[in-house]
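Worksheet for the structure shown next.
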Amino acid sequence: MKQPLSSFKENLQNLPSIDGIERLEMMDAAGDVVASIENQPGKQGSLAVYQYLFATYGVLNAEAATHGLAVFAEHTEDARNQPGAHPNIDRLLEIQGGGAPLTIRLVKQ
């Protein structure tokens, strides 16, 4: 596990490449896809963070969510101040606050 820095941009530089990933899907306990992150501009940072959390924790639970919020760095505070502006951070805040864990599946290109 990497120790997050205070800048999202710096943290992104330390995460594994997302080359070859089409999207990441998140499933609830029933196995239903409840969210996805496409590999497209504007979402690639979130895709990199979620891929890293999956590789590190194997599941998106409260511990993984807490670490992910640290990786998002300054964007986490912005998400707390503007609910809905950062849905991928909002999801981590929800899980950290007691929401149900999610499993992750990577869809390769």
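- With contacts defined as side-chain heavy-atom distances shorter than 4.5 Å, the pair L12/Q44 does not qualify.
- Here the CG atom belonging to L102 is positioned 12.5 Å from the CZ atom belonging to R105, to the nearest 0.5 angstrom.
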Q. Can V34 and M27 be said to form a side chain to side chain contact (heavy atoms under 4.5 Å, CB included), step by step?
A. CA-CA 6 Å; V34 295; M27 287 87 56; over 6 Å; no
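- Using a 4.5 Å cut-off on side-chain heavy atoms (C-beta onward), E38 and L24 make no contact.
- Atom NE2 in H75 sits 9.0 Å away from atom OG in S46 (nearest 0.5 Å).
- L60 places none of its side-chain heavy atoms less than 4.5 Å from the side chain of T103.
- Counting only N and O atoms by type, the side chains of N14 and E10 include no donor and acceptor under 3.5 Å apart.
- Between H86 and F72, a ring centre-to-centre spacing not shorter than 6.0 Å is recorded.
- Y50 places a side-chain N or O within donor-acceptor distance of the main-chain N or O of N88, the cut-off being under 3.5 Å.
- Under a hydrophobic-cluster definition in which Ile, Leu, Val, Met, Phe, Trp and Tyr are linked whenever side-chain heavy atoms come within less than 4.5 Å, directly or via other members, V33 and L47 are assigned to different clusters.
- Cluster annotation: L15 is connected to I21 through the hydrophobic network of ILVMFWY side chains, with a link wherever side-chain heavy atoms come within less than 4.5 Å.
- The side-chain heavy atoms of L53 and L92, taken from C-beta on, include a pair separated by under 4.5 Å.
- No donor-acceptor pair closer than 3.5 Å links the side chain of N61 to the backbone N or O of P101.
- Rounded to the nearest 0.5 angstrom, N11 CG and Y52 OH are separated by 8.5 Å.
- Side-chain contact check for E74 versus S6: every heavy-atom pair is 4.5 Å or farther apart.
- There is a side-chain donor-acceptor pair under 3.5 Å between Q96 and T66.
- Residue S7 comes nearest to A73 through the heavy atom pair C-CB, 3.8 Å, listed as atom of the first residue, atom of the second, then distance.
- Looking at N81, its side chain does come within 3.5 Å of a backbone N or O of E77 through a donor-acceptor pair.
- By the rule that hydrophobic residues join a cluster once side-chain heavy atoms approach within less than 4.5 Å of another member, V59 and V71 end up as members of separate clusters.
- Taking each heavy atom of K43 and I37 in turn, the nearest pair found is O-CG2, 3.6 Å.
- In this structure, D90 contributes its side chain and G84 its backbone to a donor-acceptor pair below 3.5 Å.
- The closest donor-acceptor contact from the side chain of E94 to the backbone of I89 lies at 3.5 Å or more, if one exists at all.
- Expressed to the nearest 0.5 Å, how far CD of Q13 lies from CZ of F8 amounts to 11.0 Å.
- The closest side-chain heavy-atom distance from L93 to L69 is below 4.5 Å.
- Looking at I104 and M26, their side chains come closer than 4.5 Å, going by heavy atoms from C-beta outward.
- Between E25 and V107, some side-chain heavy-atom pair lies under the 4.5 Å cut-off.
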